[in-house]
Amino acid sequence: MSDWLEHSVQIEVPIPIELAWSLWSDLEQMPRWMKWIDSVTVLEDNPELSRWKLAAGQFQFSWLSRILKEVPHQIIQWESVDGLPNQGAIRFYDRHGSSIVKLTFSYAIPGILGKLMDNLFLGRVVESTIKEDLERFRDYALTVHGKS
């Protein structure tokens, strides 16, 4: 039995939506701005699938993720198909030269861990980390945008 926790964080990035989309849809670049993601490898024989590795302190997890829905400049939705149970979506909103990037995701934690940890504390840690990840994405995107 697992408990599911969900988080939603958004940020405005002063870059065109095409660039925000281009950077985010290149999954293998995610470790550049996502603190806990060690690596993302898109499977050559099936680009809808990607292998993710996460490390947070002494915890290490991996999972295979499948893209469920992809609409350019709007949404990338996924779910895990093995490993760490998770699902979510990254949404993009055009603000005419600026972009809103909104990440919503949920993940399962084993019931025993949920009983050992205060879910509210875990939620605050995860949400603040994701907010920092989106801020790092903004900084990275601005650096890339300055070079183009």
Side-chain angles (χ1 to χ4, degrees), residues 1-15 17 19-93 99-147:
M1 194 74 168
S2 295
D3 295 324
W4 281 82
L5 299 178
E6 182 174 291
H7 305 281
S8 188
V9 179
Q10 73 178 35
I11 192 168
E12 184 162 1
V13 185
I15 61 170
I17 196 165
L19 179 58
W21 170 265
S22 172
L23 293 173
W24 203 278
S25 62
D26 184 357
L27 300 179
E28 293 183 346
Q29 298 302 309
M30 295 249 180
R32 290 179 180 260
W33 61 83
M34 298 198 82
K35 177 181 178 181
W36 291 349
I37 302 297
D38 273 357
S39 66
V40 180
T41 306
V42 175
L43 276 57
E44 286 184 32
D45 59 336
N46 188 348
E48 286 184 355
L49 296 175
S50 52
R51 171 69 58 197
W52 293 67
K53 292 184 182 170
L54 175 146
Q58 62 247 44
F59 295 106
Q60 291 190 356
F61 302 98
S62 70
W63 65 94
L64 188 63
S65 184
R66 174 181 33 236
I67 300 293
L68 298 175
K69 180 179 183 181
E70 187 173 55
V71 179
H73 309 153
Q74 293 180 28
I75 187 171
I76 301 169
Q77 183 179 5
W78 77 89
E79 71 177 357
S80 63
V81 293
D82 83 353
L84 182 68
N86 69 90
Q87 60 190 12
I90 183 83
R91 291 176 174 82
F92 304 85
Y93 302 94
S99 304
I100 301 290
V101 178
K102 181 179 182 180
L103 175 61
T104 302
F105 73 101
S106 56
Y107 54 95
I109 58 170
I112 188 74
L113 273 181
K115 288 175 178 39
L116 294 174
M117 294 183 201
D118 171 7
N119 284 351
L120 292 175
F121 172 75
L122 179 62
R124 283 192 301 269
V125 168
V126 170
E127 213 153 281
S128 68
T129 299
I130 296 305
K131 185 176 186 318
E132 291 168 6
D133 287 345
L134 288 182
E135 290 167 355
R136 274 189 292 278
F137 171 75
R138 180 191 58 215
D139 295 346
Y140 176 71
L142 287 171
T143 300
V144 170
H145 185 58
K147 292 177 183 174

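Numbering starts at 1 and runs along the sequence shown.
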Checklist entry - Is Ser65 reaching over with its side chain to a backbone N or O of Ser50, donor-acceptor style, under 3.5 angstrom? => result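 No, because the side chain of Ser65 does not come within donor-acceptor range (under 3.5 Å) of the backbone of Ser50.
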Checklist entry - So, the side chain of Ser8 versus the backbone of Thr104: is there a donor-acceptor pair under 3.5 Å, distance only? => result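 No, because the side chain of Ser8 does not come within donor-acceptor range (under 3.5 Å) of the backbone of Thr104.
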Item to check | Of Ile75, Ile76, Val101, the residue whose pairing with Arg91 passes side-chain contact (heavy atoms from CB on, under 4.5 Å) | outcome: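 The residue from Ile75, Ile76, Val101 that satisfies side-chain contact (heavy atoms from CB on, under 4.5 Å) with Arg91 turns out to be Ile75.
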Checklist entry - Do Leu64 and Leu43 come within less than 4.5 Å of each other through their side chains, counting heavy atoms only? => result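 Contact flag for Leu64/Leu43 side chains = yes.
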Shortest non-hydrogen contact between [X] and [Y], atoms and distance:
X	Y	answer
Ala55	Asp38	CB-OD2, 3.4 Å
Trp78	Ala89	CZ3-N, 3.2 Å
Tyr107	Val126	OH-CG2, 3.3 Å
Leu54	Trp63	CB-CZ3, 3.7 Å
Pro85	Ser80	CA-OG, 3.3 Å
Val40	Leu27	CB-O, 3.5 Å

Next on the checklist: Pro72: which residues meet the side chain to side chain contact (heavy atoms under 4.5 Å, CB included) condition with it, sequence neighbours left out?
Outcome noted: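 Applying side chain to side chain contact (heavy atoms under 4.5 Å, CB included) to Pro72 gives Trp21.
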Checklist entry - Sequence neighbours excluded, which residues qualify as side chain to side chain contact (heavy atoms under 4.5 Å, CB included) partners of Arg32? => result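 Partners of Arg32 by the side chain to side chain contact (heavy atoms under 4.5 Å, CB included) criterion, ordered by chain and then number, come out as Gln29, Tyr140.
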Could you go through residues 129-139 and list every donor-acceptor pair under 3.5 Å that involves a side-chain atom there, pairing it with any protein atom two or more places apart or in another chain?
unit_1, atom_1, unit_2, atom_2, d
Thr129, OG1, Val125, O, 2.9
Lys131, NZ, Glu135, OE2, 2.8
Asp133, OD1, Lys35, N, 2.9
Asp133, OD1, Arg136, NH2, 2.4
Arg136, NE, Trp33, O, 3.1

Can you tell me how far apart [atom1] ([X]) and [atom2] ([Y]) are? Round to the nearest 0.5 Å.
X	Y	atom1	atom2	answer
Lys102	Phe92	NZ	CZ	13.0 Å
Arg66	Gln87	CZ	CD	12.0 Å
Trp52	Glu28	CH2	CD	10.0 Å
Phe61	Asn86	CZ	CG	11.0 Å
Glu79	Ile67	CD	CD1	10.5 Å
His73	Ser22	NE2	OG	8.0 Å

